[in-house]
Amino acid sequence: MTEQTAHARPASARRRPHVVVVGGGFAGLSAVKELGKVDVDVTLVDRHTYNTFQPLLYQVATAGLNPGDVTYFLRATRMKQRNVSFRQGDVTGVDPVAKVVSFADGGSLDYDYLILGSGATTNYFGTPGAEANSMAIYTRAQALQLRDRIFTRLEHAAAASTGDDLTIVVVGAGPTGVEMAGALAELRNDAMSTVYPELDPRRTHIVLLEMADKVLAPFAPKLREFSARALRERGVEVRLGTAVKEVREDGVELGNGDFLKAGVVIWATGVAVPKIVGSWGLPQGRGGRITVRDDLRVEGYDNVFAAGDVAVTPDPLPQLSQPALQEGRHAARQIGALLLGRNTEPFRYRDKGTMATIGRRAAIADIKLPFGKSLRLTGSIAWLIWMFVHIQNLLANRNRLATFINLATKYFSPSRRTNPIVGDVPVFEQLTHGKPAPEVPAERTDPAAS
């Protein structure tokens with residue numbers, strides 16, 4: 001037996017079926033937790049050593065939360081579940097015939113069952129310059145880079161004292177874009193007049209661009225209208241029916257040919273399956289997502305499952321946290337059934353509803369009730385429900401407590417006492433042509449195999 005084979009599976013007192021779970025996101029961790037009830041050895045694989053609670057990343061990007069508030073150490077799963085081990089690595093290949101997962105470092109893992117929950121990454125829809133000149137908020141590193149870019153622009157504007165306008169453009173009026181625009185507007189409205197007395201808040205513009213004719217398209221009209229109104233009341237310029245033709249270093253060219261100068265462009269629209277998934281030799285459907293049967297087994301393979309954003313079911317579901325959580329749990333249960341000699345069962349999604357927040361005391365919630373009915377809420381009560389649900393869904397008590405304290409401080413304290421959570425900002429240097437010093441590049445993250 002070679003050294004590599006000897007380390008291909010976790011050591012155990014007896015040979016148990018080995019389940020490899022690729023991806024430590026919502027689907028992957030949900031599967032791992034459910035596999036704690038099954039007599040198997042589990043190896044969780046991710047290129048990062050932590051899970052990121054993506055619904056709150058925009059709070060990190062707008063200086064409301066620490067990155068540690070929304071991240072969870074993946075190896076900590078062993079503290080409650082001893083049949084789990086962790087392997088950090090970039091997955092570069094899947095051989096469903098040999099039952100082997102390969103890594104960029106040359107290592108590999110053999111498996112009896114495989115669950116793919118590697119998630120998705122940002123979709124730029126082929127827009128010229130979008131990937132190079134805009135900033136996404138899909139990973140922790142991207143959120144920190146965006147936070148530092150925003151405060152770099154503010155500090156340089158304050159040091160230069162030129163009185164120039166600063167425009168921040170958010171592309172996409174889905175939940176991420178709406179929440180980001182609302183948080184940026186509150187940062188400007190509540191904090192800038194106190195912490196940046198050199199700057200006129202009226203000359204800092206937040207522009208939300210949306211190609212469709214509505215914000216938050218999946219929501220009911222009443223909720224969409226409330227959201228658009230709440231954004232405009234906070235001073236966000238909402239431009240509907242506006243396509244982005246190109247993103248340049250200094251702004252965006254719109255579909256009608258107009259140019260919108262911007263200091264920061266935030267790309268908050270669309271997700272795509274990482275390109276590396278296409279090299280795994282598995283069947284792919286719409287958007288490059290892995291096609292699965294109704295029991296979540298990959299088409300053509302009885303011991304390979306896919307769940308979450310990377311999978312497309314016969315009846316496609318939105319790429320949101322709830323489908324991912326439920327699919328990961330279901331895939332794990334089917335492995336348990338197969339090991340007991342039982343038949344698998346089709347996956348049935350239970351829609352619990354969706355919600356989004358615009359800012360302090362302004363949110364929307366569409367809560368699904370029995371018998372096909374919905375409870376649709378707006379304003380303060382929806383906002384409190386949003387806070388409770390998001391804090392409760394964090395993975396550890398430490399995360400919940402830290403997030404509660406930081407959000408409570410942000411939202412319930414007078415604005416002059418709110419202390420934005422910031423990082424490193426390059427020092428401004430007044431050069432010959434008045435250009436700021438180059439920014440220090442932040443950590444670059446490619447979520448392709450996370």
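In this text, all values refer to a predicted model and were calculated from it rather than measured experimentally. Values below: every heavy atom of this structure, side chains too, minus hydrogens, waters and symmetry copies.
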Determine whether more than 12 heavy atoms belonging to other residues, nucleotides or ligands lie under 6.0 Å from atom [atom1] of [X].
X    : atom1 : result
M387 : CE    : yes
F404 : CZ    : no
D424 : CG    : no
K214 : NZ    : yes

Got [X] and [Y] here, is their nearest side-chain heavy-atom distance under 4.5 Å?
X    : Y    : value
T92  : W280 : no
F53  : N393 : yes
T43  : D41  : no
L339 : P17  : yes
I266 : M180 : yes
Y124 : T269 : no
V32  : Q81  : yes
L109 : H18  : yes

Is there a side-chain contact (heavy atoms from CB on, under 4.5 Å) between L146 and V60 once you walk through the steps? CA-CA 9 Å; L146 174 55; V60 175; over 6 Å; no
Distance, nearest 0.5 Å, that separates [atom1] of [X] from [atom2] of [Y]:
X    : Y    : atom1 : atom2 : result
L209 : L260 : CG    : CG    : 6.5 Å
E246 : T127 : CD    : OG1   : 9.5 Å
T167 : R153 : OG1   : CZ    : 11.5 Å

List, one per line, each side-chain donor-acceptor pair under 3.5 Å for residues 361-384, sequence neighbours excluded.
unit_1: K368; atom_1: NZ; unit_2: S374; atom_2: OG; d: 3.3
unit_1: W383; atom_1: NE1; unit_2: G359; atom_2: O; d: 3.3

For the pair [X] (side chain) and [Y] (backbone), establish whether a donor and an acceptor sit closer than 3.5 Å, ignoring hydrogens and angles.
X    : Y    : answer
N399 : D69  : yes
T77  : L74  : yes
T403 : R400 : no
S30  : L325 : yes
T139 : Q142 : yes
N406 : L65  : no
W386 : F388 : no
R329 : A31  : no
D295 : P346 : no
Q326 : P323 : no

Under the criterion side-chain contact (heavy atoms from CB on, under 4.5 Å), I'd like the reasoning laid out for V91 against V45: C-alpha separation, chi angles, the key distance, then a yes or no. CA-CA 8 Å; V91 173; V45 174; 3.8 Å; yes
Please list all pairs passing the side chain to side chain donor-acceptor pair (under 3.5 Å) test where one or both residues lie in residues 349-359, with sequence neighbours left out.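 Qualifying pairs: none.
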Using the side chain to side chain donor-acceptor pair (under 3.5 Å) rule, collect all pairs that involve residues 51-64, keeping only residues at least two apart or in two chains.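 Listed once each, the pairs are Q59-K410, Q59-Y411.
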Name all pairs fulfilling the salt bridge (Lys or Arg N to Asp or Glu O under 4.0 Å) condition that reach into [range], sequence neighbours left out, sorted by first residue then second.
range            : result
residues 331-349 : E34-R333
residues 378-392 : none
residues 218-244 : E186-R234, E237-R239

Contacts of [X] that satisfy side-chain hydrogen bond (donor to acceptor under 3.5 Å, both in side chains) - sequence neighbours left out:
X    : answer
R248 : E253
D105 : R87
N343 : none
N66  : none

Which heavy-atom pair separates [X] from [Y] by the least distance, and what is that distance?
X    : Y    : answer
A120 : V271 : CB-CB, 4.0 Å
A61  : I150 : O-CD1, 3.9 Å
I358 : S227 : CD1-OG, 3.8 Å
I405 : T409 : O-OG1, 2.7 Å
D302 : R297 : O-CD, 2.9 Å
L296 : A331 : CD1-N, 4.2 Å

For side-chain contact (heavy atoms from CB on, under 4.5 Å), just list the numbers for R293 and E299, CA-CA rounded to whole Å, side-chain angles, deciding distance to a tenth of an Å, and then say yes or no. CA-CA 6 Å; R293 289 172 274 178; E299 289 281 0; 3.6 Å; yes
Can you give each donor-acceptor pair under 3.5 Å made by side-chain atoms of residues 303-320, sequence neighbours left out, with the distance rounded to 0.1 Å?
unit_1: N303; atom_1: ND2; unit_2: D112; atom_2: O; d: 3.0
unit_1: D309; atom_1: OD2; unit_2: Y138; atom_2: OH; d: 3.2
unit_1: T313; atom_1: OG1; unit_2: D315; atom_2: O; d: 2.7
unit_1: Q319; atom_1: NE2; unit_2: D309; atom_2: O; d: 3.1

According to ring-ring contact (aromatic ring centres under 6.0 Å, His included), does anything in residues 310-347 pair up with another residue at least two apart or in another chain? List the pairs.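 Output for this query lists H330-F347.
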Mind running side-chain contact (heavy atoms from CB on, under 4.5 Å) on F103 and V101 for me, showing each step along the way? CA-CA 7 Å; F103 298 95; V101 173; 4.2 Å; yes
Check against salt bridge (Lys or Arg N to Asp or Glu O under 4.0 Å), R47 and D90: CA-CA 5 Å; R47 76 184 312 259; D90 286 315; 2.6 Å; yes
